[in-house]
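One structure below.
Just the heavy atoms: all of them, side chains too, but no hydrogens, waters or symmetry mates, feed the values below. Residue numbering restarts at 1 for every chain, and letters A, B, ... go by the order of the sequence lines.
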Amino acid sequence: MSKTLDLYDIQGNICKGYGRYGFPKARYFFVNFNEVSASRNFLLALIEKITTAEVWPVKNDSSVKPNSTTNIGFTYAGLAALKLPERSLKGFPVDFTMGMKARAHILGDTGSNSPEHWDSIWQDDKVHAWLSINGRDDDEISQRYSEIKALLSDYPGIELLSGHRGPNDSILEYQDASAVFENGQATGKEHFGFTDGIGNPYFEGSGAHRSRLPGRGKLMRDGTWQPLAAGEFVLGHPDEAREYPPAPEPKLLSRNGTFMVYRKLHENVDTFAHYLDTHVKGFDGSKDLLMAKMSGRWPDNGAPLTLAATDDEKIVLDARMADLIQRTNDGEECAKGQLKQLRSQWIDFDYDNDKSGSKCPIGAHIRRTNTRGSLEHEKGAFDRPGALVDRRRLMRRGLPYGGIDEAMSDSGEQGIIFMSIGASIERQFEFVQQQWVNYSNDFKLGNDKDPLIGNHDGNLLDKHIIQAAQHGQPSEGQHGQPSKPPFFCTEMPRFVETRGGDYFFIPSITALRMIAEDMIDPS
Amino acid sequence: MSNTSGNAYALTTLCPIINGAILDAQGNETEAHDKVVRRLLQDIPLNEGSFFAAVDNTYFARLFILNDVFFQQGNEFEQDHLKSKYLCFNSNFHGDLKPYLEGMWNNCEAEVREIWQHCVGFSRVDSAHEFVRYIKACQLKTTLFFNGSNDESLAKQLKALYVKQMFSEFVLTQQGKSASETKQNFKYFLQRVQLNDLQSPSWKPGQSELKP
């Protein structure tokens, strides 16, 4: 029997991303609990506003779906300030207990990424809780924000923390985030111009439609996809090792809760644009192709390089898409099916026919952060092709920020609020960040780093290798002689810099109420 | 069980540390022998700074103190303890044991004496010949090989690492250059790296990181 989760007990944005459900705007703000009973009373009053993971129809249905959402998570210091019992506090994993700043060396938050360069809100360790609002538009965000601010003012003893760098050198008491809009429509773009946020994991009991499983679940030996175990993303449920993820006592405190990584990632848009302009000169292809070879997906529509690995192939793919869309709009059922099948390949693919990286470079961003079956270097080496990635999947829930109220530049405020949800920060996010983003031993690429988000320093050896196409039609598996030399992106600077963040525990509704009512009893 | 693999040798020795404390001139007990040894081991610098960097052909060496072991089988809780603490010395190196240990004595006699003087029976060791005899007496036959090297001489392996690093840099700097220019630059490259000179330029023994 398939697993069912109590979606009314799990906070929203965990099982399904708000972005897909018509909430392209968000505001994140952080509070400090000065006084414990006022803080608990505030939480109690807040509970009715908390949005859960209950299933909404994808199409707008205002009778079911709210106009805005509210969620909350706590740092370890926040839970300590709320006077959780010592025994419960000691049951939290060390990664969460230490917090993101103390894990800087694991994460590569060194040099210009290091905590002394972070926004001032992170400087004095006062962040106790993260509050988030997602909304259909700015007005809905403002309205919900005003409601929560009014609630906060009812409970002196909780401080709304300022210190987010905002546009035009402002310092704000909140961090706004928004999908990038084009022609009035929200897109999946981020500020370098890539289409982002494709291919989040699919797990058991999440309530997501079964049609979303291929490419998002775990790849089985027979080529089919199964949902990942719920315990990879929600505490209190068995994970991929058929174990309960480490979590504090009592079980009610952790069950249906999870952990979240919040990171403000600044994007050096000038540096990135300049790097592309400089290096495309020696590159055999368009600037879009160069970008795709860094990310693994074409910037304009997110098509993976496994579908179209050259400029010519992309033209063919685009034409085919345009044709299918046109015929679908004309009511052709057959075209509709073909279009759906083609679009599914944005997510449902592997690198079995691209072992050499001649289509998607082995070091490209998406091939690092979701390795699919590519680490099974010898067929049949593991139980499943993706055995090495199934426990390292990241549920990304962030949005871009900035780029609205000021012109974009390196010194401007634009980037991504990266939020990643999972049952173990250390096993999932930190592992991916340390071993796959900022190191390459698993890919046999030495010390190379992720071309987009690696913490490069502009040295000659800060490089990304774009493997050359094979002779003739690159029907992979054959080891044809490369027809051209590989292309080396060298002297890579730091395109993305960390500007702050921390690790948060997102309790269930049950646990939130127990925390608010001081009823946590691990004995 | 062989403790050689091609030209690589895996040495494991257990030398008993003298029980009890060191006596001063008046015959009073001072610090325990194993405490002094532990401090000495903890003070050995790593990588290039270690005295093992001066012992030719060392791939990997490690010294630690084995406090105790106990053996337990089934439900019967039977313990078997050691009668003393042991200085455990592992080394993986190129070549035969005798010349390796002679090289260790000849290059690092002071460091060897400082550490091993706290071991039972070492007071009789006063030459490279005696040191070889002593270590052989303490040797265990094991196959504990360090997986990070092959069985070539250390000089050859270090040169290979150096050439690999330099060649990577060479390749990265030739992108976009004409064939004739690359050919010319490759000549300079070969002159610079001196493929047949294993000593120089090369990585230093104990070097653990790429150095620009």
My understanding is that only residues two or more places apart in sequence, or in another chain, count here; which of them pass salt bridge (Lys or Arg N to Asp or Glu O under 4.0 Å) with Arg367(A)?
Asp354(A)

Please determine whether the number of non-hydrogen atoms from other residues, nucleotides or ligands lying under 6.0 Å from atom NE2 of His105(A) exceeds 12.
no

Heavy-atom closest pair (Leu172(B) atom, Leu461(A) atom, distance to 0.1 Å) is CD1-CD2, 3.7 Å

What donor-acceptor contacts under 3.5 Å connect chain A and chain B, backbone and side chains included?
from      : atom 1 : to        : atom 2 : distance (Å)
Phe488(A) : N      : Gln175(B) : OE1    : 2.6
Phe488(A) : O      : Gln175(B) : NE2    : 2.7

